[in-house]
2 protein chains.
Amino acid sequence: MERDDVLLPVEPVFLKSLRSHVYGLVRDAILSGKLKSGEKLNERQLAGSLGISTTPLKEAFRILEAEGLVRSEPRRGIYVTFDPAQAEEMMLARAAIESMIARQAAKRVSEEQILRMRALLIEMRTGLETVDVLELINLNERFHNVIHEASGCAYLRRLQGGQSIYNHTARLSVLSEERERFLAVEEHEAIADAIAERKPDLAEQRMRDHVIRSGEKHLIRVSQSEDQKDRA
Amino acid sequence: MERDDVLLPVEPVFLKSLRSHVYGLVRDAILSGKLKSGEKLNERQLAGSLGISTTPLKEAFRILEAEGLVRSEPRRGIYVTFDPAQAEEMMLARAAIESMIARQAAKRVSEEQILRMRALLIEMRTGLETVDVLELINLNERFHNVIHEASGCAYLRRLQGGQSIYNHTARLSVLSEERERFLAVEEHEAIADAIAERKPDLAEQRMRDHVIRSGEKHLIRVSQSEDQKDRA
DNA sequence: TGTTTGCGTTTGATATATCAGATTTCAAAT
DNA sequence: ATTTGAAATCTGATATATCAAACGCAAACA
């Protein structure tokens, strides 16, 4: 055993399965509204246009079905199931789970993790002044990651990931507002305080309110841009 | 149209897909501990022993994977991923989602729904005295259903369903305790009060505490019976 | 004219075959 | 004795074939 530690394992990204690839494609199409709710997805036709067989496609459908983005009627077909109401519920689900994670984090956080949160918050303040939105997005994610890590809840974290419906572009759009950037950092600081002081109830409440408030902002933006498309 | 109404639609249970059947089979095996965490599931072998082809089986694996009960390593195989820690996290997830549902219910509940909750609670009190545990389980479910209905959150309800890891037997076991039966009814009454008074925060908090408390009870029972098996 | 029945087409469900990555084995080399 | 590496083998990923249910449309009938 000599110097194994210097060799990082190669990211196995490039051998991602067809299934997961087409899953991502369809998922994005649904969430972005390219596939309307109620629309029927023809297995063979879609497989044909994607240049793959039906086997990986129907596996992708099972994942989407488990996530609640499509509904499968036996011997009938699979139908898209996603509308603004469900988008809001997914946001609420994210709030519920993320706040439960925050609660657990407040019980288990280490001193080292508290320091890391504080450091990130200071960086956020800086990013606020330099109006570096990209950096702010990155810091936000790292901040939440520290909390996830502190919670020790791998399953909840995974479940939470399934409820995110907004892509990078949408985040950029929301954080383009000065007021929103300011609010986000304020709320993150409040959450960090609650966790650092080991107050589970408070941490949960603040995290929930934060996710719901910023989530509503997203939803409003999306519905507005949908309206614009409709007028066109 | 002549007398169609007297003909109830046949329960389409028997034409349930193979996929969903084997999904249920494997899921139960994992949750009940018959399949240990880390165990590898061989596609062909399992398909063979079940007397089916690999196609519906691998679809079932995708659902289980989306639920976080198995993990798939490309070109390697699929491995069971379920241990006591995850069981506890699933219970916490249930608490998080169910309490969010209660919160929404407190905002939207109708007078008629409040009356139905009250009626169920009265029946529970009766079931408490006659020690009709089966009836109590039934009433519990109907009570929660009213709340789900009041919340109007179809997606959250669905997501919640995926976090239930205990079967009828387990529920029976827990409610065999006099004290547990009493506590459950007390908590349900408190939850109903909060919802009837349209207090979202209170309803959420009470529902969360209820799910976590009774969930911990379940977890303890399970770990104890696991210990017994280990000694055998 | 409205309803029903029948058959051909479509399409999802399932089975089987093929491909390619991963593991194992075991002998040759050091 | 240990290492290496190539072939055999295992196994999941993907493609293709087959089966049967559901749909649609038109002919038959009332």
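Computed over heavy atoms, backbone and side chain alike; hydrogens, waters and symmetry mates excluded. A, B, ... follow the sequence lines: proteins, then strands. Residue 1 opens every chain.
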Measure from [atom1] on [X] to [atom2] on [N] and round the result to the nearest Å.
{"X": "B/Lys40", "N": "D/dC10", "atom1": "NZ", "atom2": "P", "answer": "12 Å"}
{"X": "A/Glu43", "N": "C/dT9", "atom1": "CD", "atom2": "P", "answer": "21 Å"}
{"X": "B/Leu41", "N": "D/dT11", "atom1": "CG", "atom2": "P", "answer": "12 Å"}
{"X": "A/Glu59", "N": "C/dT14", "atom1": "CD", "atom2": "P", "answer": "14 Å"}
{"X": "A/Tyr79", "N": "C/dG12", "atom1": "OH", "atom2": "P", "answer": "8 Å"}
{"X": "A/Leu18", "N": "D/dT14", "atom1": "CG", "atom2": "P", "answer": "4 Å"}
{"X": "A/Tyr23", "N": "D/dA13", "atom1": "OH", "atom2": "C1'", "answer": "19 Å"}
{"X": "A/Phe61", "N": "C/dG12", "atom1": "CZ", "atom2": "C1'", "answer": "11 Å"}

| query | Using the ring of each side chain (for Trp, its six-membered ring), is A/His188 parallel, tilted or perpendicular to A/His210, with breaks at 30° and 60°? | reply | perpendicular

Is there a donor-acceptor pair closer than 3.5 Å between any side-chain N or O of [X] and the backbone N or O of [Y]?
{"X": "B/Glu98", "Y": "B/Gln160", "answer": "no"}
{"X": "B/Arg171", "Y": "B/Tyr166", "answer": "yes"}
{"X": "B/Gln86", "Y": "A/Tyr155", "answer": "no"}
{"X": "B/Lys40", "Y": "B/Arg76", "answer": "yes"}

| Quick one: does A/Thr55 reach the base of D/dA15 with a side-chain donor-acceptor pair under 3.5 Å? | yes

| request: Tell whether B/Arg76 reaches the base of C/dG21 with its side chain through a donor-acceptor pair below 3.5 angstrom. | output: no

Does a side-chain N or O from [X] land closer than 4.0 Å to OP1 or OP2 of [N], or not?
{"X": "B/Arg62", "N": "D/dA13", "answer": "yes"}
{"X": "B/Arg44", "N": "D/dC10", "answer": "no"}
{"X": "B/Asn42", "N": "D/dG12", "answer": "yes"}

| Which part of the nucleic acid does B/Leu46 contact within heavy-atom distance under 4.0 Å: base, sugar-phosphate only, or nothing? | nothing

| request: Give one of base, sugar-phosphate or nothing for B/Ile78, where a contact means two heavy atoms less than 4.0 Å apart. | output: nothing

| Where the side chain of A/Ile52 is concerned, which of D/dA15, D/dT14, C/dA15 is the nearest nucleotide? | D/dA15

| field | Comparing A/Arg75 and B/Pro56 on DNA chain C - which has the more 5′ nearest nucleotide | value | A/Arg75

